[in-house]
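Throughout, residue positions are numbered sequentially from 1 according to the sequence presented. Not measured: the values here are computed from a predicted model.
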Amino acid sequence: MTTYKSTPLFGGALICDLPSNFADVSLIRQVPDNQEVYIDKDGFTSIIFDINERVGGPGSGPEIDGRALTTHLEDLVGDDLDRVKVWNTTPTLFSRLDDDIPAYTLIATSSPRRPDPAAAAEEKQPEVKTNFTAIILTLVRLEREKTDLLITINVPHIRGEYEEEDVDLELGKQGKLIGDAVDYAAKIWETFKVKDWGLFNEV
């Protein structure tokens, strides 16, 4: 059973519940001012809060917001876009944000780039141990603040670290790691609160 703790973000301007066993990465290495990064001390999953400039035109709706979500996913995965599959996208309700603030969540998987056999023969390339990475990406559209808030949960699936037969997204089998990450996301949607809206003018 996962335990959670109320966690201040960006100096306390935002707050939400995160799993107790996740550590603040900024205590270990430098993190950009517009990001908060937490990582599982007992695994490989990370949770990233990202304050970005709003993309796309004014207004809201499935088409406008859907394009924005796609743009942010493309920025996130970069050159790996051709190895990303989006499994579903759903509107998301945050319990402690106004109902008129649109939010959406997608679940995607990204396959690692496999070494080129010809290049591998010339120079010893490390074996790729990650089978795939699951991505749970939530976009909160703060139009008045000209901000897109991204909450990304990255879930690497490393060979030998999970039960491969438990995961088949084609059949709707998420496995434990993705199931846990969906629970983390749901807890964030339930507890996330903006305490200082001025934050979005500063970042």
Linking Ile, Leu, Val, Met, Phe, Trp and Tyr through side-chain heavy atoms less than 4.5 Å apart, which residues share a cluster with Val55?
none
Residue pairs involving residues 170-179 (criterion salt bridge (charged side-chain N to carboxylate O under 4.0 Å, His left out); sequence neighbours excluded):
Lys176-Asp180
Tracing side-chain links under 4.5 Å among I, L, V, M, F, W and Y, which residues wind up in one group with Val84?
Leu69, Leu73, Leu76, Val77, Leu81, Val86, Tyr104, Leu106, Ile135, Leu137, Leu139, Leu150
Cluster companions of Ile64 among Ile, Leu, Val, Met, Phe, Trp, Tyr (side-chain spacing under 4.5 Å)
none
Joining Ile, Leu, Val, Met, Phe, Trp and Tyr whenever any side-chain heavy atoms lie under 4.5 Å apart, the cluster holding Ile158 also takes in Phe44
Residue pair Ile136 / Ala185: nearest heavy atoms and the distance that separates them:
CG2-CB, 4.3 Å
Could you tell me which residues satisfy salt bridge (Lys or Arg N to Asp or Glu O under 4.0 Å) with Asp65, sequence neighbours excluded, listed by chain and number?
Arg141
Can you name the side-chain contact (heavy atoms from CB on, under 4.5 Å) partners of Val194, sequence neighbours left out?
Leu14, Leu97, Phe192, Trp197, Phe200
Any pair with a residue in residues 86-102 that passes salt bridge (charged side-chain N to carboxylate O under 4.0 Å, His left out), sequence neighbours left out, goes on the list, sorted by first then second residue, please.
none
Trace of the side-chain contact (heavy atoms from CB on, under 4.5 Å) decision for Phe10 with Ile51:
CA-CA 10 Å; Phe10 299 101; Ile51 297 174; 3.8 Å; yes
Residues which pass side chain to side chain donor-acceptor pair (under 3.5 Å) with Glu63, listed by chain and number, not counting sequence neighbours:
Arg67
Can you sort out the partners of Ser111 under side-chain contact (heavy atoms from CB on, under 4.5 Å), two or more places apart, ordered by chain and number?
Arg83
The salt bridge (Lys or Arg N to Asp or Glu O under 4.0 Å) partners of Lys187 (sequence neighbours excluded) come to none
What salt bridge (charged side-chain N to carboxylate O under 4.0 Å, His left out) pairs are there with at least one residue in residues 18-27, not counting sequence neighbours?
none
